[in-house]
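Below: one structure, written as structure tokens.
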Amino acid sequence: MAIEMTSTAPIIRSLPWGKGAVVAVLAVASLIGPYVLDPYLVNVLIRSFFYASVALTVDLLWGYTGILTFGQSTFFGIGAYAAALVFTHVGFDPGMVWLALVGGVAVAVAVAGLVGWLAFYYGASPLYIAVVTLVLPIVATQLVLSGGTFTGSSSGLVGFTVIDLGIEAWFSIAAGGLLVLTVATWIFVNSEMGRLLVAIRDNEQRCQYLGISSSRVKTYLMMATAAVAAMAGFGYANFTMVVAPEMTGFVFGTELVIWVALGGRGTLIGPVVGTILLDVVSAYLSGSMPFVWKLAIGSVFVGVILFLPNGLVPMVGNFIRGGLRRVGMWWPEAVAVADITPMAHGIEGAQAYTDAPALDISHLEKRFGSLTVLEDINLVTRPGELVSLVGPNGAGKTTLIRCLSDGFERTSGSVIINGNTLDRQPPYDCVAFGVGRKFQAANVFDSLTVAECLRLARNRHEPLSAIRRSRVLNLPEPAVRVIRTTGLDKIMGTEARHLSHGMKQALELSMVLALEPSILMLDEPTAGLTKAERHLIGDILVDLAKHDAFCILLVEHDLDFVRQISTRVVVLHHGRIVLDGSVADVVGSELVQQVYAGSGKFGERK
Amino acid sequence: MQVLILDIVTTAAILFAVSCGLLISFGVLKIINFAHGAFLTIGGYSALVVTQMGWDPLLAYPFSLLVGLVLGAAVERFIVKPLYDRPLDAILATWGLGIVISQVITIVFGRGVQFVQSPVTGAVELFDGSYSVYRLAATGGAVIIGGLLALLMHRTRLGLNARAVIMNENLAQALGINSSSVRLIAFGLGAGLASLAGAIITPLSSVDPNMGVPWLVNAFMLVLVAGSSLLALLIGSVVLGGLQLVISTYGSPILGGLTIAVAAALLLRIRPKGFVLD
């Protein structure tokens with residue numbers, strides 16, 4: 001029951017003319033550069049280009065995905081040492097060059113996979129990730145230092161035979177490599193996968209609940225960046241004919257972060273320009289005044305982190321753009337106004353109605369230390385039911401939803417979702433079983449547009465592309481209904497952070513519906529909405545249960561709303577189910593009045 | 001065997017002294033002070049100043065504590081406070097500050113290695129051999145620091161406020177605790193303790209502008225496995241410090257140097273609470 005929505009405004013942008021021209025000019029410059037520049041500068045620039053390639057990988061991890069890493073230096077070092085070790089101990093011939101390159105990249109990727117396994121487990125804190133990337137270079141340096149004559153210990157390895165190329169060729173390789181890498185990264189960060197990285201930075205939890213294993217994405221990203229860094233290190237060792245333990249170390253790792261921060265994290269031009277400028281200036285100044293230069297870098301770094309978290313290059317860029325605009329030489333790019341025309345392709349019938357339970361919960365329990373929040377919860381719900389969970393604050397309603405959508409949450413008891421037994425499994429597995437969860441507070445991706453948020457929600461049905469952005473959003477009919485009735489279709493190009501509270505709620509609901517779940521868990525979906533919006537959501541929910549055979553679990557405080565739409569009401573009190581029946585049963589119940597009147601009597605009678 | 005146990009005790013004590021300042025500021029501010037190593041260095045050079053001025057070597061301790069307190073409070077107000085909402089950026093800003101501090105020290109004192117006069121010297125006959133008196137004295141100093149800190153946290157109004165902020169800052173504020181000043185004092189105290197620890201380790205290790213950096217990583221790892229508990233820090237220092245010593249003695253010193261970092265990272269992977277007991 002897919003509905004195709006065509007956006008007239010392109011979600012994908014192809015490489016524009018201006019940028020294409022810049023790339024062409026730079027490509028030419030990388031060929032003629034060494035013949036026109038001062039030889040010392042050419043030497044320095046080659047090094048800077050290799051460093052800038054690694055800085056780009058730091059930017060991808062930290063600037064785009066939010067993973068602060070001090071360890072990219074290690075992968076650079078692995079690539080460099082692969083060349084030095086092979087050429088020193090095995091010998092040099094063309095076959096060995098490939099062996100060293102492939103071997104270095106393979107080791108770097110394997111180490112990155114290990115780091116990912118260690119650092120990106122479900123529930124790891126950002127601080128722990130920083131710790132692991134800090135330990136990595138320290139371990140690497142110590143291993144190199146303990147290698148004796150094999151690794152050259154503290155003096156490193158020198159004088160090995162390397163690929164015999166002139167300095168002009170090295171310049172073209174380093175510059176051309178950096179250019180190719182930058183363009184490839186530009187394509188990647190603008191692709192659907194690239195938007196996923198930003199989504200992980202913005203809201204990793206929402207990613208998990210859209211069925212995305214963010215741990216796996218981050219691990220693969222780490223492995224890919226490790227491969228790039230290792231290649232840069234391999235080139236660098238071949239160019240300089242020297243490797244030293246510092247290249248694998250933590251100080252170089254932090255230096256990379258400093259370059260990215262000063263240049264501008266989360267942009268591509270910033271880290272590249274920042275690294276090249278700083279490294280070149282450093283080459284000229286650090287000889288004459290090493291301490292003052294480092295002092296200046298440290299001071300500027302602190303200042304940038306404090307006052308210009310987006311870095312210097314974007315600031316300069318904005319300044320120039322502002323100046324050009326004032327003299328009428330710059331027009332801002334037209335803001336993409338996505339004009340959505342849904343094209344119905346014939347809505348298929350409702351999901352096949354079955355009587356098999358959607359959710360089968362038995363003896364579920366949740367404890368925090370000695371505090372029992374949920375106790376002996378037994379509940380079976382079927383497709384087509386709209387079950388409202390009610391109860392006073394602290395009754396355990398949200399906790400119950402959490403236990404059903406994240407296998408790590410409950411203390412004991414069994415949960416069967418659509419016939420799948422829920423083990424200790426992260427939320428993205430629950431999504432695979434058919435669970436769609438909407439949070440109490442609107443939970444979307446602030447930096448992404450409405451269209452991008454919805455596209456990510458479709459990841460399980462249409463794999464995200466790493467090189468392009470689709471112009472077409474294929475959304476299931478219920479999601480389209482929410483989008484059209486709330487008017488989200490008129491603001492598809494707006495960043496989610498600019499939406500009103502109600503619109504954010506509607507966006508999150510349509511993202512959840514875009515998952516095509518069969519079980520919908522909604523935590524106060526109408527909180528903070530106007531009466532009209534509430535009505536609308538209510539109608540949609542009733543429709544989903546009745547016609548599409550969704551099983552809906554609704555946490556709600558508004559009892560009038562509950563009465564209007566529910567087919568069944570479950571009352572929770574002090575972590576137990578005290579009543580489970582039809583709306584009429586609950587409305588007439590003296591027990592419920594006691595529970596809500598807040599008298600302690602019921603609790604005491606227990 | 002007795003010497004090994006003695007070594008473990010003194011090593012753990014020194015690790016505890018070096019890390020406890022970081023623990024205080026991390027516990028209250030939830031921000032890792034990556035300039036901690038630089039504050040250790042500041043303490044080392046404070047002791048050097050005392051030596052160069054020809055003052056009593058014992059003065060090095062109050063002097064370094066004072067220098068650290070004052071500088072730490074200034075850093076809290078001007079650098080850390082604007083970054084309360086950006087903990088990862090706070091790591092970077094304080095790391096940058098560490099670079100600034102070590103460069104200023106290099107420019108003022110030169111980059112060479114220098115030595116500080118120790119208040120006590122020589123060795124004492126213990127068990128079957130002799131043992132450095134200074135290591136024993138440093139252990140005593142660490143015990144005093146730990147005891148005073150425990151008293152401060154559990155027996156004073158300030159400590160009560162600090163613990164309230166550690167547990168639930170919003171609630172503490174709602175109860176009328178000025179969490180901003182608690183943060184200021186905690187960070188200043190943390191820096192002061194780092195500086196004091198820097199003065200304590202100087203006779204054991206020479207003074208140079210980057211002397212604090214190798215200690216930073218171990219202190220950082222110990223604090224992460226200790227959360228905000230002094231007791232857990234003590235346990236961590238004994239267990240990981242002891243492990244380090246055993247591996248250095250019977251394995252290789254290089255592996256020993258990695259022990260704390262690797263063991264702590266693995267421990268956190270298996271048990272995110274680390275050595276925190278409850």
Side-chain angles (χ1 to χ4, degrees), chain A residues 62 66-70 115 117-119 121 123-148 153 250-251 254-255 257-258 260-262 265 289-307 309 369-370, chain B residues 26 30-32 34-35 38 75 78-83 86-108 110-111 209-210 213-214 216-218 220-221 223-225 252-258 260-266 268-270 272 278:
Chain A
W62 177 46
I67 308 164
L68 178 58
T69 172
F70 300 108
V115 168
W117 171 79
L118 197 60
Y121 64 94
S125 78
L127 201 55
Y128 180 69
I129 293 164
V131 168
V132 173
T133 68
L134 180 66
V135 172
L136 172 71
I138 291 168
V139 171
T141 311
Q142 291 297 328
L143 288 180
V144 170
L145 288 177
S146 64
S153 195
F250 148 68
V251 174
T254 54
E255 220 165 342
V257 174
I258 291 176
V260 172
L262 292 182
R265 64 176 106 158
M289 38 173 157
F291 309 128
V292 177
W293 169 246
K294 268 190 97 176
L295 177 63
I297 288 285
S299 314
V300 173
F301 177 57
V302 174
V304 164
I305 293 285
L306 279 175
F307 305 113
S370 58
Chain B
F26 177 62
K30 305 287 183 292
I31 277 174
I32 290 282
F34 250 43
V75 167
F78 295 113
I79 294 180
V80 178
K81 195 173 182 190
L83 298 176
R86 295 190 270 149
L88 289 183
D89 280 3
I91 291 185
L92 295 175
T94 49
W95 173 253
L97 175 71
I99 295 176
V100 171
I101 291 173
S102 81
Q103 295 314 311
V104 169
I105 286 176
T106 309
I107 290 166
V108 175
R111 68 186 307 190
N210 292 311
V213 175
L216 168 69
V217 174
N218 282 347
F220 176 59
M221 301 309 285
V223 167
L224 284 176
V225 294
S252 87
I254 286 172
L255 284 182
L258 293 176
I260 292 183
V262 174
L266 291 177
L268 286 170
R269 177 69 166 85
I270 300 161
D278 55 279

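Naming convention: chains lettered A, B, ... in sequence-line order (proteins, then strands); numbering from 1 in each chain.
Using cut-offs of 30° and 60° on the angle between ring planes, the pair Phe34(B) and Phe70(A) is parallel.
Taken to the nearest 0.5 Å, the CH2 atom of Trp293(A) stands 12.0 Å off from the CD atom of Gln103(B). The line from CG of Leu92(B) to CZ of Arg265(A) is 7.0 Å long, rounded to the nearest 0.5 Å. From Leu306(A), atom CG reaches atom CG of Leu97(B) across 10.0 Å, with rounding to the nearest 0.5 Å.
Minimum interatomic distance between Tyr121(A) and Pro272(B) (heavy atoms only, all atoms of both residues): OH-CG, 4.0 Å. Of all heavy-atom pairs between Ile305(A) and Ala93(B), the closest is CG2-CB, 3.8 Å. When all heavy atoms of Gly66(A) and Leu88(B) are compared, the closest pair comes out as O-CD1, 4.4 Å. Residues Val135(A) and Ala265(B) approach most closely at CG2-CB, 4.4 Å, considering heavy atoms. Taking all atoms of both residues into account, the shortest heavy-atom contact from Lys294(A) to Ile99(B) is O-CG2, 3.8 Å.
If you measure heavy-atom distances from Phe291(A) to chain B, the contacts under 4.5 Å come from both the backbone and the side chain. Using a 4.5 Å cut-off between heavy atoms, Val139(A) contacts chain B through both its backbone and its side chain. Contacts between Ile138(A) and chain B at a heavy-atom distance below 4.5 Å involve backbone atoms as well as side-chain atoms. With a 4.5 Å cut-off on non-hydrogen atoms, Leu258(B) touches chain A through its side chain but not through its backbone. Neither the backbone nor the side chain of Phe307(A) comes within contact range of chain B, judged by heavy atoms closer than 4.5 Å. Contact of Ile107(B) with chain A is made through the side chain alone, with heavy-atom distances under 4.5 Å. Using a 4.5 Å cut-off between heavy atoms, Ile258(A) contacts chain B through its side chain alone, with no backbone atom that close. Of the two parts of Phe220(B), only the side chain, counted from C-beta on, holds a non-hydrogen atom closer than 4.5 Å to a non-hydrogen atom of chain A.
Here Pro309(A) is the residue among Pro126(A), Ala261(A), Ala130(A), Pro309(A) with the most heavy-atom pairs under 4.5 Å with chain B. Looking only at heavy-atom pairs under 4.5 Å with chain A, the residue among Val213(B), Leu255(B), Thr106(B), Leu266(B) that has the most is Thr106(B). Looking only at heavy-atom pairs under 4.5 Å with chain B, the residue among Ser146(A), Ala119(A), Ala296(A) that has the most is Ser146(A).
Judged by distance alone, the side chain of Arg269(B) and the main-chain N or O of Trp117(A) form a donor-acceptor pair under 3.5 Å.
Between Leu127(A) and Pro87(B), the closest side-chain pair of non-hydrogen atoms is not below 4.5 Å. Considering only heavy atoms from C-beta on, Trp95(B) stays 4.5 Å or farther from Val257(A) through its side chain.
When each of Leu224(B), Val217(B), Ile32(B) is paired with Val131(A), the side chain to side chain contact (heavy atoms under 4.5 Å, CB included) condition holds for Leu224(B) and for no other.
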